[in-house]
Amino acid sequence: MSDAVEYDVEAIQNRWLPVWDEIAPFRSGDPDDPRPPKYVLDMFPYPSGDLHMGHAEAYALGDVIARYWVQQGFNVMHPIGWDAFGLPAENAAIRRGVNPKTWTYENIAQQRESMRRYACSFDWDRTLNTCDPEYYHWNQWLFLKMFERGLAYRKDSSVNWCPNDQTVLANEQVVNGRCERCDAVVTKKKLTQWYLRITDYAERLLDDMAQLEGKWPDKVLTMQRNWIGRSTGAEVQFAIEGRDEPVTVYTTRPDTLYGATFFVVAVDSDLAAELAAGSGVEQEFADYLAEVSKISEIDRLSAERPKTGVFLQRYAINPVNGERLPVYASDYVLADYGTGAIMAVPAHDQRDLDFARTFDIPVRVVVESDEDPSVTGVATGDDGPHVNSGPLDGLNTPDAVARVIEMLAEDGRAKAAVNYRLRDWLISRQRYWGTPIPIIHCPTCGEVPVPEDELPVQLPSPEGLDLQPKGTSPLGAAEEWLNVRCPRCDGPAQRDSDTMDTFVDSSWYFLRFLDPQRTDAPFDPEAAKRWLPVDQYVGGVTHAILHLLYARFFTKVLHDMGMVDFTEPFSSLLNQGMVVMDGSAMSKSRGNLVRLSDELAEHGVDAVRLTMVFAGPPEDDIDWADVSPSASVRFLTRAWRLSGDVTSEPGVDPVGGDIALRRVIHRLIHDAQLAVESFRFNVAVAKVMEMVNAVRKAIDSGPGGDDPAVREAVEAVAVLLSLVAPYTAEDMWARLGHEPSVALAGWPAVDPELVKAQTVTCVVQVAGKVKARLEVDPQIGEDDLQAAALADQAIVAALGGVEPRRVIVRAPKLVNIVPG
RNA sequence: GCCCGGGUGGCGGAAUUGGCAGACGCACUCGGCUUAAACCCGAGGGUCGCAAGACGUGCGGGUUCAAAUCCCGCCCCGGGCACCA
C-alpha cells in the first residue's frame, strides 16, 4: 500500500512542535520520578546573536546522548542556560548605544526560540542566565567564601593588559601574546587586582586527573597537564655578598651546581631592584628595566631574541664550592616563576649558554659528553657521568641530584622542591557587564566583605555611565552606587568597582541547574548528591584549558567547603569538532559563512541534525562543503515512507514474523546501541540506514508490509531515528498508530537469540591469502572446521598436493593453512 | 625545541582492537519507471589487467600463520606548550 501522502518537512515540524510543548517529554524535576537519574550537559552558549552552525553541531550531538539515555529509561537532566555576561555584549552595546542588558536578553530570547525549533531535548524548567542577579548573587557568595578561606586575595603585580579592550586578562586569555578576544597585542601593566588561589590546588588538579583517564579525551588531559606544568627539582640557597639573607633559587638540575658560573635575577623583580641599589650601576639598571618594560609580549616570546642583561657588580656564593658568581639582572628570567632568581649553568642549559656567550662568561662542563658546548654553542643534555663536580664525580644525573640535595640539606641550604607553571587566576576586570566584586574598601578597616544578607550587590543602571574602555571600571563613576558606609565601622567607604571574569560564572553553573530559582543557597547539597557529578559533558575543545580547569578548581573548593561529595565535576567529556567551510573556519570576512537559518529553511531541522551527526566522528571537524544535507532529506523521506507501508496492527506479536528480517534488525539495533555508547554516532546512523534498506527490501520483494516483523522493524527505526531526527521519528510513530512521544517509547529490546549468527562465513586462507569461504555453524569445533577447510575444492587446488606444514584454526571465523 | 593526535578509494568516512580492507553515504556510470525531466526503484565500481591473477591503508624495514591495527626508523598534516631554570 503506497500512499499519495508526501513527506513534508515544514508541515511535520509545525505539527509536532506544539504537541511537544504540551507534553514536555524532557522534564526531569519530578521528585517522585522512579527512573534512575542521569545528567547530560551541553556547554551553555554565549548569547552573541542567533544560533550558528557550530551550535547546531554541538546540540545535535548532545541531543543524541540525552535522548539515548531517555530511551534507555533514565530520568535525564539535560538543561540549558546562557553565559550572558562578558565583553561582546558590552562592545555591541557601546556600538549601538543600547543597554547591554537589553541586547543580551533579546539574543537569549532568540536563541531560546531557535533551540526549541531545533528540537533540543532541554528541560525548559531549568534555564538560567548568568547575568540575572538571582544567579550572580551566588558568584558573589562563592567569592566571599573563598575570601574567608584565603583563596581570594588582592595583590599588586605586573599583569597582562589588553590596550584595546582596556582591561586586564588572565594568563589563559593571552594567546601568542595577543588578546584572545580582540587579537590586540598584550602589554604589561602594574596593577592591584583580585586573584583566586588556584595554585593551591595545582597538585590536586593534576592528581585527580587519574579519575578522568579514559573518560576525557587524552588530548584535553595532556593540555591540562602542560598548562599546570609541574616540575621537580630543588630549592638551593645562595649567599649574596653584602646581603644578610641568602637568596633561594629553584632548579630542576641541582646536580649541575658545580657547573654554575653566574647568577641571574629577573630584571623586574623586587630583588633586582634591591641588589641594584648601591651597586654603582643604578642608572644602567634603570635604563635596562625601562627598555625591557617597553617590549611587547610577542617580542618577548620570540625565541630568537638575543640575551640582554646588566651586571649588578655583586656576587653570589656557590654553596657547594664557595665560588663567587657574578650576579646579572636579565629579562630571560621570569619574576613570577620559581623565586625569580636562578643559578646559571651554561654548559647544560641553552639559555644560560646563550647569555654566557654574549657576556663572555666561562662555561664549565660537569656532565660528560663528546661535544664541547663552549665550542658548538649547543648546551648538552641530561644524563651522563658527572665530572668536575667533587663528590658527585662519576654519578649519573638522578643519583647526583639525590646526592647533592642530601649534602646541602644537612645545614638547610637545599631541599627537594616542586614548581608549577600555573599562576593564580586573575579575576578583576575593568568593565561594566559582569558580576560586581562584593568588597567594600574602607580607609580604616581595609577590604571588608559585603554582608551576606546584602547580597547580591546589583549592577547599577548603565544610564549616565561611560562604558567606553578607558582603563578603569565604568562602575567607578556610578557615585551613588560606589559610595557606601563601611559595614564594619560605618565610616565612608567605597565599593570595589571591578567586575569578575566571566569564567567565574561558568565555573559552577552546572550546579545551579539543580534548582535555578533557589534563593537561600547556590544549590541544594542533597540534590547535588543525587545528580552530580555530570555524567556526560559535551562541548568544544576550545575550552580544554580555561573553563574546564576553572570548573575543576571550583569543584574542589566546594568539596573542601563540604558542599559537594565529589572532587571532579564532569565524569565523562566529549569534545565535538568545528563546522568549517571549504577547509577553513567560517567568517564573514572570509566570505564562507554558512547561515544556520538558511540551512534549516532549505532542508529542515531533522536533515541538518542528521547531516551533523552522520558527517563523521563527533570530535572531527565537519567541512560543510563535503557533506550533503539534501542526501539527509532523501534518507529521511525513505525512512518516513516505510511507516506508510506497514499494514499490520499496532501491538501485533513480532514473534511470528519473518525470521530473516528479524535477525538482521536485531543485530543492527544491537550494533547501533554499541555505536551510540562509544560516541560513534555516524556509525549508529549507518546502522539505521541499513535497517531502512533491509525493511524496504522486505516490503517490496520479501514478506511484505503485513508481516509483523516489518512493523517491529519500522517501529525500531522510528525509535532509533528519534535520537537524531525527532520530527520525522514522531511522525512515523503517529503513522504507525502510536501516541506521542516516540522520545519516550523506550529503546527496542534486543533478543540475544536473534543476534546470534545462524551461520558464520569462515575464511579459509592459504599462506595468509583468502582462497575459500565456508558457511559454517557458529558452534563448529576446531577439528571439524579444519577437516571441512582441507576438504574444500578450492583449497585442495590451491595447495596443489603440497602437505600443510601448519594449520591455524580460529573457529568459527578463520582457517589459515601454511603450506609445507 | 618539547608533548599529544592523525595520514585508508574521486570525496566524507567504516573495520567487533591482530583475523574477508573499503560498512554507510556523497559524487559518478548504466538500467527500470516517465511523453520527458525530476523524484523513486535496481545494478556497478580500490588500482592494474581481456582474463587467470598481481598489487593495495603516507614511506622504508621488522615481528607474526596472519598487520590499516604491534615494534623500529623516516616523511607529511593538525593541535597544545614554549626564555618555566
Side-chain angles (χ1 to χ4, degrees), chain A residues 2 6 175-176 217-231 233 249-254 256 260 264 266 300-305 307 330-334 336-345 348-352 354-355 419-423 541 544-545 610-611 614-617 619-623 625-632 634-635 637-638 641 670-671 674-675 678 680 682-693 696-697 700-701 761-773 804-810 813-819:
Chain A
S2 186
E6 280 302 310
V175 178
N176 293 326
D218 287 342
K219 184 184 173 184
V220 173
L221 294 177
T222 306
M223 283 165 74
Q224 294 227 343
R225 273 190 201 100
N226 285 345
W227 189 261
I228 296 168
R230 182 189 147 105
S231 78
V249 304
Y250 172 74
T251 175
T252 54
R253 295 295 305 278
T256 61
V264 190
R300 203 187 65 77
L301 288 173
S302 161
E304 308 299 296
R305 253 178 82 239
K307 293 283 179 284
S330 175
D331 66 347
Y332 88 91
V333 170
L334 306 175
D336 58 353
Y337 182 80
T339 59
I342 64 158
M343 66 174 209
V345 184
H348 307 296
D349 182 284
Q350 190 60 48
R351 298 153 300 181
D352 295 346
D354 294 343
F355 190 92
N419 244 296
Y420 299 94
R421 211 190 62 98
L422 183 71
R423 305 295 146 82
V541 73
I545 297 175
L610 178 68
T611 304
F614 184 58
E619 50 283 331
D620 288 4
D621 287 351
I622 298 172
D623 193 327
D626 289 340
V627 296
S628 173
S630 56
S632 298
R634 210 176 313 153
F635 164 70
T637 309
R638 228 167 107 76
R641 211 181 293 120
H670 168 84
D671 290 352
L674 287 180
S678 52
R680 285 143 52 233
N682 54 328
V683 178
V685 169
K687 298 298 174 187
V688 179
M689 287 173 168
E690 287 190 60
M691 287 169 74
V692 169
N693 292 342
R696 184 76 265 156
K697 196 164 266 177
D700 291 349
S701 54
T761 305
C762 174
V763 176
V764 186
Q765 303 174 328
V766 174
K769 301 214 181 298
V770 181
K771 294 293 176 186
R773 293 183 170 82
R805 180 158 58 92
R806 199 173 155 192
V807 180
I808 291 103
V809 182
R810 291 284 176 275
K813 291 178 76 174
L814 180 125
V815 178
N816 190 8
I817 300 162
V818 188

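Proteins come first, then strands; the chains are lettered A, B, ... in the order of their sequence lines, and each starts at number 1. What you see below is based on every heavy atom in this structure, not just the backbone, and it leaves out hydrogens, waters and symmetry mates.
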Q: May I ask you to evaluate whether A/N682 reaches the phosphate of B/rA14, defined as a side-chain N or O under 4.0 Å from OP1 or OP2?
A: yes
Q.
At under 4.0 Å between heavy atoms, how does the protein contact nucleotides 26-32 of chain B? Give one character per nucleotide, 5' to 3', with B, S or -.
A. SS-----
(Q) Could you tell me how far apart A/D620 (CG) and B/rG7 (P) are, to the nearest whole angstrom? (A) 10 Å
Q) B/rC24 base to A/K687 side chain: any donor-acceptor pair below 3.5 Å? A) no
Q | N-glycosidic conformation, B/rG9 - syn within 90 degrees of 0, else anti | A | syn
Q: Using a 4.0 Å heavy-atom cut-off across all strands, classify A/R638 as base, sugar-phosphate, or nothing.
A: sugar-phosphate
(Q) Is it the case that B/rC65 (base atoms only) and A/N816 (side chain only) share a donor and an acceptor within less than 3.5 Å, ignoring hydrogens and angles? (A) yes
Q.
What contact category does A/D354 fall into here, base, sugar-phosphate, or nothing, at under 4.0 angstrom with non-hydrogen atoms?
A. nothing
Q. Considering Watson-Crick and G-U wobble pairs with both distances under 3.5 Å, what does B/rC55 pair with?
A. B/rG46
Q.
At less than 4.0 Å, is any side-chain N or O atom of A/R225 found next to OP1 or OP2 of B/rC4? Yes or no.
A. no
Q) With A/D620, which residues qualify under side-chain contact (heavy atoms from CB on, under 4.5 Å), at least two apart? A) A/P617
Q) Yes or no on side-chain contact (heavy atoms from CB on, under 4.5 Å) for A/F614 and A/V627, after CA distance, side-chain angles and deciding distance? A) CA-CA 9 Å; A/F614 184 58; A/V627 296; over 6 Å; no
Q.
At 4.0 Å (heavy atoms only), tell me whether A/Q350 reaches a base, stays on the sugar-phosphate, or touches nothing.
A. nothing
(Q) Distance check, P atoms only: B/rG13 and B/rG7, in whole angstrom units. (A) 10 Å
Q) Taking syn as any angle within 90 degrees of 0 and anti as the rest, which one fits B/rU69? A) anti
Q.
Just N and O in the side chain of A/T222: are any of them under 4.0 Å from OP1 or OP2 of B/rC81?
A. no
Q) Does the ring of A/F355 carry A/K307 above it, NZ/CZ under 6.0 angstrom from centre and within 45° of its axis? A) no
Q) Are OP1 or OP2 of B/rA85 and a side-chain N or O of A/Y337 less than 4.0 angstrom apart? A) yes
Q | Nearest listed nucleotide, side chain of A/K219, among B/rC4, B/rC65, B/rA85 | A | B/rC4
Q.
Does the structure show a Watson-Crick or G-U wobble partner for B/rG18, both distances under 3.5 Å? Name it, or say none.
A. none
